[in-house]
Amino acid sequence: MRRSQSAATVQRFSMETFQSLLEKKLSAALANAGLPAAAGELTQATDPRFGDYQTNAALVLGKQCSENPRALAEKIVVHLSVNDLCEPPAVAGAGFINFGLRPAAIEEKALEILQDQRLGVAETETARRIVIDFGSPNVAKPMHVGHIRSTVLGDALARIAQFLGHEVVRDNHIGDWGTQFGMVIYGWKNLLDREALQRNPLAEIVRAYKETNQRATSDPQVREACRQELVKLQAGDKENIDIWNECVAFSMQDFEHVYKLLNVHYDLQCGESFYNDRLPGVVDRLLKSGIAEISEGAVVVFFRDNPELADKPLIIRKRDGGFNYATTDIATVDYRINELNADTIWYVVGAPQTLHFKQILEVARREGYTADLRHIIFGSVLGEDRKLMKTRSGENVPLRELLEEACRRARRIVEEKNPNLNEEEKTDIAEKIGIGAVKYADLSQYRMTDYIFSWEKMLALHGNTAPYLQNAYVRIRSIFRKTGENAPQIDKFVFGDPAEIDLAKRLCQFAEIVPQVLNGFRPNILTNYLFELANSFHAFYEACPVLKSEVPTRSSRLALCDLTARALRRGLGLLGIKMPEKM
RNA sequence: GCGCCCGUAGCUCAGCCGGAUAGAGCAACGGAUUUCUAAUCCGUGGGUCGGGUGUUCGAGUCACCCCGGGCGCGCCA
């Protein structure tokens, strides 16, 4: 369903991608040839030798009607009228049809994109209301590397969905409730160092919590005391609620600092505690509807008819009457669908919680919800030793420190490469490069695989990195600084050099790539594209002098530079990465 | 025990619903610059896609089995 969206959505606009135009022409040709319309696909060519676009329609049809694919392809080609866009299509291989764009068509399309703020990217016709659940740090714990993927990936998906015309609600499902608060409060009451709290509140809360945790493991009395504190908190004891509130506030300060560095914002921060008073209702309802039942004193949902979940029950009320995070998550589904009017919810949460979300989504289905709920899974961040990334002492790496380290390292490089910049510029550039590098390294990898965190690789100026893309942009800005001119108004591109054509073709693909990202939630498709775009630009930059060229060529090249800069900037912007003007 | 994810060049990774001779970057080697930022570009070498069986015109991609790694599985979140 979702897949066909990109083709459909483009129609509303006067500007269409080559892919969309050719798809239509192919459909028409199939119809005229008396063949089924929806056959195969038309994609960017897998190899430049095969031209710019290709279709395997004849292969698919050949299979369906058991006819010779090559003969079918010849038949289709006869009915294709694509002369306005392409050289005559060629049948090749087992029955592929290859399309090579005519330079004139590329010049025209590039001009259309040049004049479009959206670089040719169509808005969706089927706008959804999407709640994106991402980030979700825990109160009384500093954000650490474990939160980076969810935060960066969720933010990028939100930006892209929004750009494509969806209504997006970014919701931070903060872990601000749960059994750990028994220990947090015990630590606060018994082990807190007030001076240290003033100096660095969160660090001190964490220290007291950890010490409590240690004592509790060896001392049953401490354990019991913590349990009592938790009971009091849950019963609404004023003192404990006050302490809890303070811990939440201190933690939020830490989160906000990180979000500012990351340039991430939320529309909503409904933490777990937000749902507390809804939990009894959830359990009652599920019991009443027969979805849940009582088992060994707890309220449990069984999935007996689902082979995968048959032996994995879901507890929604513990024997002691307490609720757990499954209950909260079900209440959250209710809230998002019924009160936020979401028709789509994306959970950007790590792979270890796969089973949990299968259960939650299944409960929602049994409750009759038809909203599109998806767990967007991602792998872990590993250190260079291939194990979960930790500090030398085995602790989680605080995200704040990691980001500050990124900026420090970026600054060192900036100072080495461009010592003439003033302090303010250096700081600004280092932040854009450092944070950008961290984000890009994460987004450029297929989200499902674990990824190995490497400063050297993410900050490298070669290869598929943020600094490489930023550098391409900066080189363009440098050209415009040098001339003092703005991007020229042109009414025609003139391409003479193959590098110009290649770059222009890449720019035409921007609008084809961006919508694909949401089809599988793969920002790495966009990073790959941007990397190739930067490659094409650098090749163009080597081959084609801009400022020294003669008049129609000069303004055409300037415009091409400007368009490239806009695509790079927009592309990285969709990933939440900023562009420096110099570096 | 059951389930999920991963295994592609020396290293780090792309490769969407099966499609043409599996691609990048790093590293190695060889070239290019008195520059619009060399912060770059061009080229060379490098692969039984963990192993096997099967499905079909066609398998890195799908199915089944095995090996290796990671993660998860009633009262934590």
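Lettering follows sequence order; numbering is per chain, from 1.
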Determine the Euclidean distance between corresponding C1' atoms of B:G30 and B:G51; express it in Å to zero decimal places.
38 Å
Spacing of the C1' atoms in B:G70 and B:G74 (rounded, Å)
24 Å
Short N-O contact, A:E224 and A:R227, less than 4.0 angstrom:
yes
Could you tell me whether A:K582 contacts a base, only the sugar-phosphate backbone, or nothing, with contacts defined as non-hydrogen atoms closer than 4.0 Å?
base
Reckon A:A298 touches a base, only the sugar-phosphate, or nothing at all at heavy-atom distances under 4.0 Å?
base
For [N], does the base pair up with any side-chain atom of [X] as donor and acceptor (N or O, under 3.5 Å, distance only)?
{"X": "A:Q54", "N": "B:A20", "result": "yes"}
{"X": "A:K312", "N": "B:C2", "result": "yes"}
{"X": "A:K63", "N": "B:G19", "result": "no"}
{"X": "A:D329", "N": "B:A77", "result": "no"}

From [options], nucleotide with atom closest to [X] side chain:
{"X": "A:H538", "options": "B:C6, B:A77, B:U40", "result": "B:U40"}
{"X": "A:H462", "options": "B:U40, B:G70, B:A39", "result": "B:U40"}
{"X": "A:Y468", "options": "B:C41, B:C13, B:G19", "result": "B:C41"}
{"X": "A:P352", "options": "B:C4, B:A20, B:C71", "result": "B:C71"}
{"X": "A:T449", "options": "B:C41, B:A14, B:A77", "result": "B:A14"}
{"X": "A:Y541", "options": "B:U37, B:G19, B:C13", "result": "B:U37"}
{"X": "A:R481", "options": "B:C11, B:C41, B:U37", "result": "B:U37"}

Stacked cation flag A:R304 on A:F302, 6.0 angstrom / 45 deg:
yes
For B:C4, give its Watson-Crick or G-U wobble partner with both distances under 3.5 Å, or none.
B:G70
Would you mind pulling out the nucleotide paired to B:U56, Watson-Crick or G-U wobble, both distances under 3.5 Å?
none
Ring-on-base stacking between A:F531 and B:A24, under 5.5 Å between centres and under 30° between planes: is it there?
no
Checking one value: the base orientation of B:G72, syn if chi is within 90 degrees of 0, otherwise anti.
anti
Whole-Å gap separating P (B:U40) and NZ (A:K417):
7 Å
Over how many whole Å does the gap from A:L314 atom CG to B:C75 atom P extend?
12 Å
Quick check, are the ring centers of A:H173 and A:Y275 under 6.0 angstrom apart?
yes
